[in-house]
Amino acid sequence: MAVTIGLTGGIASGKSTVSAMMRELGLPVIDADEAARAVVEPGEEAYRQIVATFGPDILQMNGEIDRAKLGAIVFNNEQERKKLNAIVHPAVRRKMLAEKEELIRSGAKTVVLDIPLLFESGLTDWVDKVLVVYVDDDVQLCRLMARNGFTEEEAIARIRAQWPLEEKVKRGDAVIDNNGTVEQTRRQLLSILQQWEALEK
């Protein structure tokens, strides 16, 4: 019986670092962000629906969706965000579930689903265990501003579009405190995976 681990956290909490570590350990990771990018490529059904909903102004010269323009529309407007999510989320779910089934068919004992909005999207029934990557609020804000070049106001708007990390921590089966060094994070991850017997023997 394969074990499915849901990896989640908040924006700029360091979840991608933990995801990369899991890949290095040989665990197959299905990334919701990668799936979300794939389903909005030109020619995909979700792409057509997004352009029909938000208009051609959100497109780059090459016909691809300009994520920054679309982000500016939806992050500060809940109604617009709901419209986008209603298009993208079902397409992402179909893609991720198909990939998970394929991995299990090919013999994977553990599958990691890297889903930033695992709780917000009500997808906890997809997984057997939930691993939350946590950082303090001020660390999260500083990292996001530095990483994306956002103003404080822009960064706060994106953080508030997700559940507070403290709420996710309460609901996780295990938590990685990512305020420290990369090595401290790695040790926490290994300890949790060994407890869950998620690493291949």
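Below, all heavy atoms of this structure are taken into account, side chains as well, without hydrogens, waters or symmetry copies.
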Write down the atom of A155, the atom of L141, and the distance for their closest heavy-atom approach.
CB-CD1, 3.6 Å
Between E78 and K82, is a salt bridge (Lys or Arg N to Asp or Glu O under 4.0 Å) present by the stated rule, with each step listed?
CA-CA 6 Å; E78 192 174 353; K82 282 179 178 173; 3.8 Å; yes
Looking only at atom types and distance, does a side-chain atom of E41 sit under 3.5 Å from a main-chain N or O of Y47, one as donor and one as acceptor?
no
Charged N-O contact under 4.0 Å between E167 and R171:
yes
Treating S19 as the side-chain partner and K15 as the backbone partner, does any N or O pair qualify as donor plus acceptor under 3.5 Å?
no
Can a donor-acceptor pair be found, under 3.5 Å and without considering hydrogens, that links the side chain of S121 to the backbone of L118?
no
Of the non-hydrogen atoms in M145 and T151, which two are nearest, and what is the gap between them?
CG-O, 4.1 Å
Are the side chain of D128 and the backbone N or O of T4 linked by a donor-acceptor pair below 3.5 Å?
yes
Keeping the roles fixed (side chain from R48, backbone from G43), state whether a donor-acceptor pair exists under 3.5 Å.
yes
Give, for atom CG of L189 and atom OG1 of T17, the distance between the pair rounded to the nearest 0.5 Å.
11.0 Å
Considering all heavy atoms, the nearest S13-R143 contact
O-NH1, 3.7 Å
Smallest separation among heavy atoms of V39 and E44, with atom names:
O-CB, 3.1 Å
Are E99 and E102 packed together at the side-chain level, in the sense that at least one heavy-atom pair is separated by less than 4.5 angstrom?
no
Residues R23, E34; criterion salt bridge (Lys or Arg N to Asp or Glu O under 4.0 Å); working and verdict
CA-CA 14 Å; R23 289 180 202 257; E34 287 174 11; 3.4 Å; yes
Side-chain donor/acceptor of K95 to backbone N/O of A38, under 3.5 Å:
no
L27 CG to I5 CD1 distance, which is reported to the nearest 0.5 Å
6.5 Å
Under a 3.5 Å distance rule, please check whether K69 uses its side chain to pair with a backbone N or O of I58 as donor and acceptor.
no
Short question: side chain of D173, backbone of V130 - any donor-acceptor pair under 3.5 Å?
yes
Note: A91 and A46 closest approach over all heavy atoms is CB-CB, 4.3 Å
With a 3.5 Å distance limit and no angle check, can you tell me whether D136 reaches the backbone of D138 through a side-chain donor-acceptor pair?
no
Can you tell me if E120 uses its side chain to pair, donor with acceptor, with the backbone of W163 under 3.5 Å?
yes
